[in-house]
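Structure first, commentary second.
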Amino acid sequence: MRYVSTRGGSVDRRFSEVLMEGLAPDGGLYVPAHYPTVDDAALQRWRGLPYAELAFEILALYIDDVPPDELRAIVATTYTPETFGSTQIVPLRELDESIALLNLSNGPTFAFKDMAMQLLGNLFEAELRRRGAELNILGATSGDTGSAAQYAMRGKQNVQVFMLSPLGRMSPFQQAQMFSLQDENIHNLVVEGSFDTCQDIVKAVSADLAFKRQYDIGTVNSINWARLLAQVVYYFSGYFQATNDNSERVSFCVPSGNFGNICAGHVARKMGLPIEKLVLATNENDVLDEFFKTGRYRVRSSGETMVTSSPSMDISKASNFERFIFDLLGRDAHRVADLFDVELSQRGQFCLTEQETACIARYGFVSGKSTHVDRLRTISHTWQRHRTMIDPHTADGVKVAREHHLPGTRTIVLETALPLKFEDIIREATGRDAPRPSAVAGLEERPRRCEVIAPSADAVMAYIARHCNA
Ligand SMILES: *Cc1c(COP(=O)(O)O)cnc(C)c1O
């Protein structure tokens, strides 16, 4: 499989290059040159496979520069019941006859990002070994991404993680989860400032190409194709668990931020998975709901971006969105470059033509929005009616899924985190604490390893230079 850029630059990459690279040189995102399709017979064969074997079948369609035996071994060590808490890896739980939850949050950090990041850690380690190279991962986090990256990379050979987080802005549980890691290769840098401050520092350091090259700086952000690819697998698994026969169709509802998770659903459908609708849920930060209703994509300023009770969806722009637009516009890279490189960067927004907007419905996407009040009500109802506790992001999904529900159809809502990560709203909605797995008993009391650092790129670069392997 070859990979191309959404902006049409003449690149021709294979998987392992795309894995390590991030953005394409022309500023676009990497996408496979085509989507391999699976027929009914293949679906039938895959239906009975354990998760790791299903993952291997799907990944092997997109990865042809890692020896198959090695890929199979990487996948088998990644998706184990020990790491993900059950033999199904992503068990499906029915709430009622119309809605089921796909449990994606039983990995080490209790958010769905573990599903991709655990694989990424193992793919990185193997590729670095092949190249005899080192990698220093620099990232900024407001919670889930940073911890998922750290738990995926801890103790890995030739990899160090430098993770910036805003002082005092993450939930107490999220802070404890990251700062209690004692591994030598994990560095928590706490910045006096907001998440945007952290992200600006990462951008400034990455823009210093000499520094970047000298210190082998890389990232693990959500535009990485390997992360998206890993997420395609659980759409297949969810579908197989929800149906008996490939003639059945189901919808998926996805709590969305950077459009990574739902984009994986789009890829699964392109491959031939019988998905009825992809339902996109946003919180008060409704950039994407606006787009799917009007065809207008208007990026928000950081001042316009609200701090909400489903914080992992508090986005001002959706960094994976360009992949979807590329497909929506019939893979017209000229038009994509025009929209993202010219219109968006000059005017902060773009509008699709009427004809282009009409394609959205043909693609089977619908959207909706959920607010703090909706979230509280949905968590409370789900607890009272089904004795199931859901986290605020999943609640946004359940709320929007119910709005779009049609009689006689079924919707799988992707559960994106466990409630224990967001204790305040859970207590407010249900009057009780979320259950806590024994692995994290007393987490807040454990010794912490983190360093407060001045909010400047220079300070961060000096820290990296002192601590990295290069
Ligand atoms: C990251 C995250 C999301 C958003 O996922 P995207 O892939 O960015 O759309 C939603 N919920 C939780 C809990 C998350 O951590």
Side-chain angles (χ1 to χ4, degrees), residues 29 101-118 120 139-152 165 170-171 173-174 177-178 195 199 220-232 234-235 252-268 278-289 291-292 305 308-324 365 367 369-370 375 378-379 390-401 413-423 425-426 434:
L29 303 185
L101 294 178
L102 189 62
N103 295 166
L104 304 178
S105 313
N106 295 316
T109 72
F110 311 120
F112 83 97
K113 293 194 171 66
D114 290 328
M115 293 302 304
M117 209 69 92
Q118 288 287 317
L120 203 66
T141 188
S142 53
D144 294 334
T145 306
S147 56
Q150 292 183 339
Y151 280 74
S165 62
M170 296 188 295
S171 81
F173 183 87
Q174 286 175 317
Q177 208 171 33
M178 288 177 59
F195 172 63
Q199 222 169 11
V220 289
N221 47 28
S222 74
I223 55 133
N224 189 299
W225 166 255
R227 278 182 66 182
L228 206 137
L229 179 57
Q231 293 171 340
V232 172
Y234 53 67
Y235 283 87
F252 284 89
C253 180
V254 189
S256 294
N258 276 315
F259 205 79
N261 203 357
I262 197 164
C263 196
H266 162 70
V267 172
L278 285 165
V279 184
L280 178 142
T282 72
N283 65 15
E284 290 89 337
N285 296 295
D286 57 356
V287 190
L288 289 170
D289 185 38
F291 171 81
F292 281 100
T305 308
T308 75
S309 49
S310 48
S312 297
M313 294 156 67
D314 292 346
I315 51 112
S316 52
K317 63 177 171 48
S319 52
N320 261 295
F321 194 49
E322 191 169 328
R323 287 196 166 104
F324 170 71
F365 272 74
S367 71
K369 167 179 173 175
S370 163
R375 216 164 285 141
T378 308
I379 295 170
I390 54 174
D391 99 292
H393 307 80
T394 309
D396 290 333
V398 170
K399 188 260 181 185
V400 173
V413 178
L414 301 194
E415 177 216 57
T416 55
L418 286 196
L420 88 154
K421 296 192 92 168
F422 306 94
E423 343 175 82
I425 189 171
I426 297 300

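Please read all numbers here as calculations on a predicted model, not as lab measurements. Numbering of ligands and ligand atoms starts at 1, following listing order.
At a threshold of 4.5 Å between non-hydrogen side-chain atoms, the residues Tyr234 and Leu414 count as touching. Side-chain contact check for Lys421 versus Thr109: some heavy-atom pair is nearer than 4.5 Å. Residues Phe173 and Phe422 form no side-chain contact, since every pair of their non-hydrogen atoms from C-beta on lies 4.5 Å or further apart. Considering only heavy atoms from C-beta on, Tyr151 stays 4.5 Å or farther from Met117 through its side chain. Inter-residue side-chain proximity for Asp391 and Phe110 is flagged as unmet; no heavy-atom pair is nearer than 4.5 Å.
Heavy-atom contacts of Gly260 reach the following atoms of ligand 1: 6 (P), 7 (O), 9 (O) (cutoff under 4.0 Å). Annotation for ligand 1: atoms under 4.0 Å from non-hydrogen atoms of Asp144 are 12 (C), 13 (C), 14 (C), 15 (O). Annotation for ligand 1: atoms under 4.0 Å from non-hydrogen atoms of Ala417 are 13 (C). Ligand 1 places these atoms under 4.0 Å from at least one heavy atom of Met313: 10 (C). Near Ser256, the atoms of ligand 1 lying under 4.0 angstrom from a non-hydrogen atom of the residue are 9 (O).
Ranking protein heavy atoms by distance to atom 14 (C) of ligand 1, first place goes to Lys113 NZ, 2.8 Å. In this structure, atom 5 (O) of ligand 1 lies nearest to the protein heavy atom Phe112 CZ, 3.5 Å. Ranking the protein heavy atoms by distance from atom 8 (O) of ligand 1 puts Asn258 N, 2.7 Å first. Among protein heavy atoms, atom 11 (N) of ligand 1 sits closest to Thr416 OG1, 3.0 Å. Considering only non-hydrogen protein atoms, atom 7 (O) of ligand 1 sits nearest to Asn261 N, 2.9 Å. Ranking the protein heavy atoms by distance from atom 9 (O) of ligand 1 puts Gly257 N, 2.8 Å first.
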>> For a side chain to side chain contact (heavy atoms under 4.5 Å, CB included) check, start with the C-alpha distance between Val413 and Leu102, then their side-chain angles and the critical distance, and finish with the verdict.
In response: CA-CA 6 Å; Val413 178; Leu102 189 62; over 6 Å; no
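Under a 4.0 Å N-O distance rule, the pair Lys369/Asp289 does not qualify as a salt bridge.
Residue Phe259 touches ligand 1 through its backbone alone, judged by heavy-atom distances below 4.0 Å.
For the ligand labelled ligand 1, residue Ser222 lies outside the 4.0 Å heavy-atom shell.
Asn258 and Asn320 share no side-chain donor-acceptor pair at under 3.5 Å.
Note that the CD atom of Glu284 and the OG atom of Ser370 stand 7.0 Å from one another [nearest 0.5 Å].
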